[in-house]
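Presented below is the structure to which this report refers.
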Amino acid sequence: MVRFKNRYFTTEIIPMDNGHTVQPLNLKTYDILKSVLAATEQIHGEFGAAAIKNGLEVKYCNESTQVAIIRCRHGPHRLLASSLPFLSKIGKRKVQLQSMYTGATLVKCYKFLKKFHREKMNEALKMCRTEQEKKKVLEIMSKTKSKQN
């Protein structure tokens, strides 16, 4: 029996709205899949879309951190990786996808995300000038952490 190898793309979804209001993305996994397929078809044609369609799935999508993990089969993952930077819309929202990490397992992607978020937290704490600001940042982080669990 043959084992199918997969690749997992950890991507950051950056909203490109003209207004400076911070709104949640409210993305559905179906919209992400449809947009990724459309971008791949635009770059690589029907062959590219058909090659990645078989194993394509969004395994993780967090609206608060704007991070998504997309699974694709090994081999056609190169077509997907080359078309991700050209994705400009998900649903009706203008976005930009920035690839952060490509891993062979979902566990490695989660380990990368944990390390990435820890670095972001340290940066946020370094920006604080007073102890009150640090307490507020830590309180906000603990609230978001409890919501995710």
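Because only heavy atoms are used, hydrogens play no part in the values below, and waters and symmetry mates are left out as well, while side chains stay in. No experiment lies behind these values; they were computed from the predicted model shown.
Atom CG of Leu79 sits about 11.0 Å away from atom CG of Leu84, to the nearest 0.5 Å. The line from CG of Leu106 to CG of Leu113 is 9.5 Å long, rounded to the nearest 0.5 Å. Atoms NZ and SG, from Lys135 and Cys128 in turn, are 12.5 Å apart once rounded to the nearest 0.5 Å. For the atom pair OG (Ser88) and CD (Gln42), the distance works out to 7.5 Å, reported to the nearest 0.5 Å. Between atom CD1 of residue Ile69 and atom SG of residue Cys61 there is a gap of 10.0 Å, rounded to the nearest 0.5 Å. Note that CG of Leu80 and CG of Leu56 are 6.5 Å apart. Values are rounded to the nearest 0.5 Å.
With sequence neighbours excluded, no residue satisfies ring pair (Phe, Tyr, Trp, His ring centres under 6.0 Å) with Phe116. Remark: His74 pairs with His77 by the ring pair (Phe, Tyr, Trp, His ring centres under 6.0 Å) rule, at least two apart or across chains. Listed by chain and number, the residues in a side-chain hydrogen bond (donor to acceptor under 3.5 Å, both in side chains) with Thr40 are Ser83 (sequence neighbours excluded). Applying the ring pair (Phe, Tyr, Trp, His ring centres under 6.0 Å) test to His44 and every residue at least two apart in sequence or in another chain returns nothing.
What you find for Val95 and Pro15 is that their closest heavy atoms are CG1-CA, 4.2 Å. The two residues Ile52 and Pro76 have their closest heavy-atom pair at CG2-O, 3.5 Å. The two residues Asn26 and Glu63 have their closest heavy-atom pair at CA-OE2, 3.4 Å. Scanning all heavy atoms of the two residues, the minimum distance from Leu87 to Ser35 falls at CD1-O, 3.0 Å.
The stretch residues 69-78 participates, sequence neighbours left out, in these salt bridge (Lys or Arg N to Asp or Glu O under 4.0 Å) pairs: Glu57-Arg71.
For Glu119, the CD atom is densely surrounded, since the number of other residues' heavy atoms within 6.0 Å is greater than 12.
When each of Tyr60, Tyr101, Phe9 is paired with Phe112, the ring-ring contact (aromatic ring centres under 6.0 Å, His included) condition holds for Tyr101 and for no other.
In this structure, Ile43 belongs to a hydrophobic cluster whose other members, linked by side-chain heavy atoms under 4.5 Å apart, are Phe86.
Using a 4.5 Å heavy-atom cutoff, the side chains of Leu97 and Ile90 are in contact. Looking at Lys59 and Ile70, their side chains never come closer than 4.5 Å, going by heavy atoms from C-beta outward.
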**Report entry** Step-by-step side-chain contact (heavy atoms from CB on, under 4.5 Å) determination, Lys111 to Lys115
**Finding:** CA-CA 6 Å; Lys111 284 182 182 179; Lys115 180 181 173 187; over 6 Å; no
Report task. Assess whether side-chain contact (heavy atoms from CB on, under 4.5 Å) is satisfied between Thr102 and Thr10, documenting all intermediate values. Result -> CA-CA 6 Å; Thr102 303; Thr10 305; over 6 Å; no
Report task. Could you please spell out the steps behind the side-chain contact (heavy atoms from CB on, under 4.5 Å) verdict for Ile14 and Gln66? Result -> CA-CA 7 Å; Ile14 304 166; Gln66 300 174 347; 5.6 Å; no
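Between the side chain of Glu41 and the main chain of Leu37, no donor-acceptor pair closer than 3.5 Å is present. Not one N or O on the side chain of Ser99 forms a donor-acceptor pair closer than 3.5 Å with the backbone of Thr11.
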